[in-house]
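Values reported hereafter were calculated over all heavy atoms of this structure, with side chains retained and with hydrogens, waters and symmetry mates removed. Just so it is clear: chains get the letters A, B, ... in the order the sequence lines come, proteins before strands, and each one is counted from 1. Bear in mind that the values here come from a model prediction, so they are computed numbers and not experimental data.
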Amino acid sequence: MFSEKIISWYLINKRDLPWRNTRNPYKIWLSEIILQQTRVSQGLPYYYNFLEKYPTLEALATAPIDEVLRLWQGLGYYSRGRNLHFTANQIVSEYQKKFPENFEGLKKLKGVGNYTAAAIASFAFGQKVPAIDGNALRFFSRFGGINEPIDDPNTIKSIFNFAYDLMEGADPALFNQSVMELGATICVPKNPKCDQCPVRPECLAFSHRLQDKLPFKSKKIKVKERKLDYKILVNEDRIWLKLREAGDIWAGLYDFFSRELVPKLPVAYSFQKKHILTHQRLSISFQIIILENDETPDGGKFYSIKEIEALPKPIVIDEAFKITMKFLDQLS
DNA sequence: AATTCGGGGAA
DNA sequence: TTCCCAGAATT
């Protein structure tokens, strides 16, 4: 039987990951939010940091949002951090500190969608519901020989139903973990390791030699070219920063000055950076400009190096900040 | 249904 | 370079 095969493979070959050794819904929820669109290796240190700083749901709920976001710094998709904090507070104040114990209830939480609700419901509460993440989608697309684009909601639904049928009689948590682990380590996007796969004999993609054709998407990711032009305004050892507005990349993060300067002032140092993101390719020019007065145009203000290092929120392009620091060091 | 949220690693 | 990662929310 499929579920028995894949679960016995999992029990022998699984990675030892901290959130797999608990049924504490808080710890599982925390790990799932951190891991959304994030590799295990990238999220792991954040998971430890958060758990150390906030061992309980109440500790997280009580913390200032700025502190939470600062702990989130560098992980990206910062709305996850904001939702994390919001939901912790909501569960404390409206849910009597208890997570909903089923898929439908969990889905009502901010930042918890289909996958995350299914993951928590199965891992923490043993509910029979397939957790279809990117790994599972790829695995089932191949295993079932599903010749439909996996970025189509209808395909995702049919894969969900396909997985649900295969779960029959299995431990839901083990089943979901097994599928994701197989997708993450064996049924990988490129050059899948079919020779190590426990269910290769039943895999339709393998028998039809479609391992390298499945899954596929109907749409291609569009990458927008974008140029940004920053003036890094410096006054003695201080740098001008301003919080970015909502509605664009890096909303709510600290940003350098980015308007035309009138009158034009001499450029002390300049450098370029390319920043490759999923949907944008940013070409950024930085010009360090030394100001004699400390006027604070446009709502921002000058921050000392120490203040910047203790900033309550992340700063955009951390590398540019470091280059500026070096420049300031050489000045003095 | 399409777009928008980041950052990093693998091929 | 392109693709993808234990996706979700908004438009």
Side-chain angles (χ1 to χ4, degrees), chain A residues 10 14-15 17-20 27-47 69 72-84 86-87 106-123 130-139 141 149-156 160 173 175-185 187-193 212 215-226 244-253 273-282 314-319:
Chain A
Y10 170 75
K14 66 174 179 174
R15 294 167 290 178
L17 302 175
W19 46 83
R20 285 177 170 166
K27 294 184 180 177
I28 292 171
W29 165 70
L30 174 65
S31 75
E32 294 301 339
I33 302 299
I34 288 175
L35 291 170
Q36 284 167 3
Q37 290 294 285
T38 303
R39 290 171 189 281
V40 165
S41 56
Q42 189 188 0
L44 196 51
Y46 287 84
Y47 176 77
L69 283 180
W72 198 269
Q73 175 165 305
L75 197 52
Y77 285 160
Y78 294 90
S79 64
R80 287 183 296 169
R82 288 186 275 271
N83 289 338
L84 190 78
F86 176 91
T87 297
L106 287 160
K107 259 201 71 171
K108 291 189 169 64
L109 304 175
K110 243 184 205 175
V112 177
N114 277 323
Y115 161 74
T116 303
I120 302 172
S122 61
F123 300 157
I132 308 299
D133 72 333
N135 294 310
L137 217 49
R138 180 175 56 253
F139 168 74
S141 167
I150 58 160
D151 55 352
D152 180 341
N154 293 320
T155 309
I156 299 175
F160 180 95
F175 180 93
N176 284 335
Q177 291 283 12
S178 305
V179 169
M180 289 194 285
E181 186 74 348
L182 192 63
T185 62
C187 200
V188 289
K190 288 180 183 174
N191 307 317
K193 304 167 182 172
D212 298 319
F216 64 89
K217 296 183 172 178
S218 57
K219 309 180 259 293
K220 282 182 185 167
I221 295 175
K222 283 186 233 169
V223 178
K224 283 184 188 168
E225 299 281 344
R226 186 169 170 189
R244 283 181 72 88
E245 312 283 336
D248 195 4
I249 191 172
W250 301 321
L253 274 59
K273 279 282 160 215
K274 283 197 185 294
H275 207 69
I276 312 292
L277 302 171
T278 304
H279 297 277
Q280 298 187 54
R281 191 189 319 279
L282 308 178
I315 179 172
V316 299
I317 315 286
D318 189 50
E319 210 180 331

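Between the base of B:dG7 and the side chain of A:Q42 there is a donor-acceptor pair shorter than 3.5 Å. Side-chain atoms of A:T278 and base atoms of B:dG7 include a donor and an acceptor less than 3.5 Å apart. Below the 3.5 angstrom threshold, one finds a donor paired with an acceptor across the side chain of A:R39 and the base of C:dC4. For A:T38 and B:dG6, a side-chain-to-base donor-acceptor distance below 3.5 Å is present, hydrogens and geometry of angles not being considered.
Comparing C:dC4, C:dA6, C:dT2 by their nearest atom to the side chain of A:K217 picks out C:dC4. Comparing B:dG7, B:dT3, B:dC5 against the side chain of A:Y78 picks out B:dG7 as the nearest. Distance from the side chain of A:R281 is smallest for C:dT2 among the nucleotides C:dG7, B:dG7, C:dT2.
Here A:T116 reaches the OP1 or OP2 of C:dA8: one of its side-chain N or O atoms lies under 4.0 Å away. An OP1 or OP2 oxygen of C:dA8 is reached within less than 4.0 angstrom by no side-chain nitrogen or oxygen of A:K110. In this structure, A:Q36 does not reach the C:dG7 phosphate: none of its side-chain N or O atoms is under 4.0 Å from OP1 or OP2. Considering only side-chain N and O atoms, A:H279 lies nowhere under 4.0 angstrom from the phosphate OP1 or OP2 of B:dG6.
Closest approach of A:T38 and A:G43 over heavy atoms only: CG2-N, 4.0 Å.
Using a 4.0 Å heavy-atom cutoff across all strands shown, A:G74 reaches sugar-phosphate atoms only and no base atom.
Between A:K190 and A:N83, the residue whose closest nucleotide on DNA chain C is further toward the 5' end is A:K190. Summary of the strand contacts: A:L75 and A:K219 both lie near DNA chain B, and taking for each the nucleotide with the nearest heavy atom, the more 5' one is attributed to A:K219.
Remark: the backbone N or O of A:M180 is not paired with any side-chain donor or acceptor of A:D133 at under 3.5 angstrom. Using a distance-only test at 3.5 Å, with no hydrogens or angles considered, no donor-acceptor pair links the side chain of A:T87 to the main chain of A:L84.
Atom CD1 of A:I132 and atom C1' of C:dA6 are 12 Å apart (whole Å).
If you check the side chains of A:R80 and A:Q36, you find no donor sitting under 3.5 Å from an acceptor.
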